[in-house]
There are 2 protein chains.
Amino acid sequence: MSEMSRKEETKNNLLDAFWELYKEKPLTKITVKEITDKAGYNRGTFYTYFVDINEALEILKASLMPDKDMIINPFIELKDNDGKIIEPIEGTNDYLKKNGEKIAVLLGPKGDPGFVHELKARLRQIIINYAEDLEIKEVEDFEYVIEYHIAGLISMYQLWLEKKQNIDEESLGLVYEKTAYDGALSVINHMLNDTK
Amino acid sequence: MSEMSRKEETKNNLLDAFWELYKEKPLTKITVKEITDKAGYNRGTFYTYFVDINEALEILKASLMPDKDMIINPFIELKDNDGKIIEPIEGTNDYLKKNGEKIAVLLGPKGDPGFVHELKARLRQIIINYAEDLEIKEVEDFEYVIEYHIAGLISMYQLWLEKKQNIDEESLGLVYEKTAYDGALSVINHMLNDTK
DNA sequence: ACTAATCCAACAACATGTTGTACAATGCTA
DNA sequence: TAGCATTGTACAACATGTTGTTGGATTAGT
């Protein structure tokens, strides 16, 4: 572990305690006293670091936001003009390894819609910037396709976590690829017609 | 307007007032007093109808949940074995017309993740029931494809509302169809390669 | 190196606000 | 006018946000 001032340490302890509670119950039921009790501080101390509980959550969310330079790859496989998949950006996997559990909670049914919203907006922006470099024409339309795909992907991943990984990662990957490249409705119709 | 008992009317007034506040600020900052002041009742009256603010939200959410017999169509166009699109269910449009604004808020960045989760789960279940009647094989895989599509569609719709309908409904419909039938990544790659 | 001045994280205590409940008094409406 | 719906009021329990104090660490002066 790296050096840490007392200030930083206390703040982290408070955030950790808050997170433990956040995993268990809705924001409305969490009190400052609970947080500080759990972290082992006086209630007043909380207010030297945060103006209220909401701010604590905002700080947590911000710390989980990916940098601009990360994360493209697990969400979308961009290909260049020759059809070659653009290489994943370094650090993405570390990011997910470190924050995956928390992110899963925020994406889940007790999670935070603001987080999901911001996350999607960022990913969209990253991809759109890339597209603008290529002087793409139908930018508005493009944005909607991206949105559809990002949301679908996040949600698929979230469902997988919720179902306790009931299928293995490879299978999920295959389903994902088929869906994303052939079209969800095509795949569905195909599956339906296979039955007869 | 239809007949309404005093009791129903009061309850509705309280729910309306709550909704006005909910649109503006997070649940944690809303107090019972604010609600009853806005609705013009005594604070105690609130407690004859709800045990707490959370319950008020739950009731609101429940009132916006689509019946089992509705809503398939705007989210997915199921086709039968001959490729004919199954007819939309009656009442779906009325439902969206009446509740669209509220639903948009609940799906949005200040919305409720539980609502989104429940909504997706219901839609998934409706479709899966349908699929099981047809004795479909790969049920697990099927579920993920559905999830991807529903989430993508909801999110696309939500973005459209957020962008104040910056493209017209027909265009959105076209983008949607192309994406859902040809695959988001295929469409994206196609758009990118069109630039050069 | 020793002391004094300063800083500042953490705390206890306080004032104020909110919650949930109770119950008698008042107002509507059928 | 009888029966509910709503009000007004009060209360205990708890939560919030602020203030002034304490004591250990950090810095500055000699």
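We name chains A, B, ... by the order of the sequence lines, and we start the count at 1 in each one.
Counting all heavy atoms, side chain and backbone alike, P113(B) lies closest to G108(A) at CB-O, 3.7 Å. Shown here for Y49(B) and E55(B), the closest heavy-atom pair between the two residues is O-OE1, 3.7 Å.
Under the side chain to side chain contact (heavy atoms under 4.5 Å, CB included) criterion, N54(B) pairs with T28(A), K29(A), L27(B), D52(B), sequence neighbours left out.
Contact annotation: T10(A) reaches the phosphate of dA10(C) (side-chain N/O to OP1 or OP2, under 4.0 Å). The phosphate of dA9(C) (OP1 or OP2) has no side-chain N or O of T48(A) nearer than 4.0 angstrom.
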**Item:** Trace of the salt bridge (charged side-chain N to carboxylate O under 4.0 Å, His left out) decision for K178(B) with D182(B)
**Value:** CA-CA 6 Å; K178(B) 207 163 32 156; D182(B) 297 349; over 6 Å; no
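Residue pairs that meet the salt bridge (Lys or Arg N to Asp or Glu O under 4.0 Å) test with at least one member in residues 153-162 of chain A, sequence neighbours left out, do not exist here.
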**Item:** Contact letters for nucleotides 22-30 of chain C, in which S counts primed atoms plus P, OP1 and OP2 and B counts the base, heavy atoms under 4.0 Å
**Value:** -----BS--
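E34(A) and K38(A) are not joined by a salt bridge, as no carboxylate oxygen comes within less than 4.0 angstrom of a charged side-chain nitrogen.
Rounded to an integer number of Å, the gap from OH of Y41(B) to P of dG8(D) is 13 Å.
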Run the side-chain donor-acceptor check on residues 14-23 of chain A: report pairs under 3.5 Å with partners two or more places apart or on a different chain.
none

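Listed nucleotides: dG17(D), dT19(C), dA10(C). Nearest to the side chain of Y47(A): dG17(D).
Under a hydrophobic-cluster definition in which Ile, Leu, Val, Met, Phe, Trp and Tyr are linked whenever side-chain heavy atoms come within less than 4.5 Å, directly or via other members, I188(B) and V139(A) are assigned to the same cluster.
Within the 4.0 angstrom heavy-atom criterion, only backbone atoms of the sugar-phosphate kind lie near Y49(B); the bases stay farther away.
Using modelled atom types, one side-chain atom of S186(B) and one backbone atom of Y181(A) make a donor-acceptor pair closer than 3.5 Å.
Note: Y144(B) and Y148(B) fail the aromatic proximity criterion, with ring centroids not under 6.0 Å apart.
Taking every heavy atom of residues 11-37 of chain B and every atom of DNA chain C, pairs under 4.0 Å involve T31(B), V32(B), by number. Of all the residues in residues 51-63 of chain B, D52(B) reach under 4.0 Å from DNA chain C with at least one non-hydrogen atom.
Here N99(A) contributes atom CG and M65(A) contributes atom CE; the two are 11.5 Å apart, rounded to the nearest 0.5 Å.
The base of dG17(D) sits within donor-acceptor range of the side chain of R43(A), with an N or O pair under 3.5 Å.
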